[in-house]
Amino acid sequence: MSSGVSFAQEKILVAYFSRAGSEYSVGNIAKGNTKIIAEIIAQKTGADIFEIKPEQNYPADYNECTKIASREKAMKARPKFIGGVENFSEYDTIFIGYPIWYGDAPMIIYSFLESYDFSGKNIVPFCTHGGSGLSSTDQQITLVCPNSKILQGFEIRGSIAQKNFSESEQKVSDWLKKIGY
């Protein structure tokens, strides 16, 4: 495996940000697209899971949320999140999940990445999107965490994550196998 330890000995975390409410391509959702994928990854890898929850919730209304997301991106804001990961230093691999907002990860993802020392860790990005794929977020993560190893990321349309669980599960399984999990 890429980290130099066997999968059975590796300590894995899935950290993700996801939002429910009205969504561009899928309507009103009770569970965020990225949360669905995060739960599949955690189940398949035996990972611990941490939801990156903002101190200030994003609006459930899609249009209102996009206004805030656009403003945060323009200002390179670092929204605060609730809680933290206990014993972060013990994790070997961290899967980082997020929706794509305006061609980037939500700014709260950068708040999370800048809150911990990722040196020597494997980072595995994954995202849900409406058509943009990873949108170079893997490269942005490399800039924020230069002393980490960024593994091949995963992207899936939010509409697939939301409406086709079996297809989502198969795509995640295929990707995890491809990257050695």
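Given the structure is predicted, the values throughout are model-derived calculations rather than measurements.
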#### Entry: Met107 and Met75: CA distance, side-chain angles, deciding distance, side-chain contact (heavy atoms from CB on, under 4.5 Å) verdict
CA-CA 10 Å; Met107 296 297 103; Met75 295 171 49; over 6 Å; no
### Criterion side-chain contact (heavy atoms from CB on, under 4.5 Å) on Ile52 and Tyr98, from CA distance to verdict
CA-CA 10 Å; Ile52 304 166; Tyr98 44 87; over 6 Å; no
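The salt bridge (Lys or Arg N to Asp or Glu O under 4.0 Å) test applied to Lys53 returns no partner, not counting sequence neighbours. Looking at residues two or more places apart in sequence or on another chain, you find a side-chain contact (heavy atoms from CB on, under 4.5 Å) between Ser18 and Tyr16, Thr34, Lys35. Scanning for salt bridge (Lys or Arg N to Asp or Glu O under 4.0 Å) contacts around Lys67 gives Glu64, with sequence neighbours left out. Partners of Phe165 by ring pair (Phe, Tyr, Trp, His ring centres under 6.0 Å), not counting sequence neighbours: none found. With sequence neighbours excluded, no residue satisfies ring pair (Phe, Tyr, Trp, His ring centres under 6.0 Å) with Tyr102. Remark: Phe95 pairs with Trp175, Tyr181 by the ring pair (Phe, Tyr, Trp, His ring centres under 6.0 Å) rule, at least two apart or across chains. Contacts of Phe17 classified as ring pair (Phe, Tyr, Trp, His ring centres under 6.0 Å), with partners at least two apart in sequence or in another chain: Tyr58, Trp101. Annotation: side-chain contact (heavy atoms from CB on, under 4.5 Å) contacts of Ser168 (sequence neighbours excluded): Ile37, Ile40, Ile156, Ile160, Ala161. Residues forming a salt bridge (Lys or Arg N to Asp or Glu O under 4.0 Å) with Glu72 (at least two apart in sequence, or on another chain): none. Under the salt bridge (Lys or Arg N to Asp or Glu O under 4.0 Å) criterion, Asp48 pairs with Lys11, sequence neighbours left out. Not counting sequence neighbours, the partners of Glu155 by the side-chain contact (heavy atoms from CB on, under 4.5 Å) test are Cys127, His129, Leu134.
For the side-chain contact (heavy atoms from CB on, under 4.5 Å) with Tyr91, the qualifying choice from Ile12, Asn122, Val85 is Val85, the only one to do so.
Contact annotation: the side chain of Arg19 approaches that of Cys65 to within less than 4.5 Å [non-hydrogen atoms, C-beta and beyond]. Between Ser166 and Asn164 there is a side-chain heavy-atom pair separated by less than 4.5 Å. Contact annotation: the side chain of Val144 never approaches that of Phe118 to less than 4.5 Å [non-hydrogen atoms, C-beta and beyond]. A 4.5 Å side-chain heavy-atom check between Pro99 and Asn33 finds every atom pair outside the cut-off.
Side chain of Thr128 to main chain of Gly158: no donor-acceptor pair is present (N/O by atom type, distance under 3.5 Å, no hydrogens or angles).
Scanning all heavy atoms of the two residues, the minimum distance from Ala42 to Ile49 falls at CB-CD1, 4.0 Å. Taking every heavy atom of both residues into account, Lys44 and Leu176 meet most closely at CB-CD1, 3.8 Å. Residues Ser111 and Pro79 come closest through the heavy atom pair OG-O, 2.7 Å. Considering every non-hydrogen atom in both Phe112 and Phe81, the closest pair reads CA-CE2, 3.6 Å. When every heavy atom of Ile82 is checked against every heavy atom of Pro54, the shortest pair comes out as CD1-O, 3.5 Å.
The hydrophobic clustering, which links ILVMFWY residues whose side-chain heavy atoms are closer than 4.5 Å, places Leu13 and Leu113 together. Phe126 is not connected to Ile123 by any chain of hydrophobic side-chain contacts under 4.5 Å among Ile, Leu, Val, Met, Phe, Trp and Tyr, and they are in different clusters. Ile141 and Ile94 fall within the same hydrophobic cluster, where Ile, Leu, Val, Met, Phe, Trp and Tyr residues are linked whenever their side-chain heavy atoms come under 4.5 Å apart, directly or through other members. Under the 4.5 Å side-chain heavy-atom criterion for grouping Ile, Leu, Val, Met, Phe, Trp and Tyr, Ile100 is connected to Tyr110 within one hydrophobic cluster. Phe50 is not connected to Ile41 by any chain of hydrophobic side-chain contacts under 4.5 Å among Ile, Leu, Val, Met, Phe, Trp and Tyr, and they are in different clusters.
Pairs passing the salt bridge (Lys or Arg N to Asp or Glu O under 4.0 Å) check and including a residue from residues 100-126, sequence neighbours excluded, read Arg78-Glu114.
One distance of note links CG of Asp138 with CD1 of Ile150; it measures 8.0 Å at 0.5 Å rounding. How far CD of Glu167 is from CZ of Arg157: 11.0 Å, rounded to the nearest 0.5 Å. In this structure, the separation between CD1 on Ile96 and OG1 on Thr137 is 11.0 Å, given to the nearest 0.5 Å.
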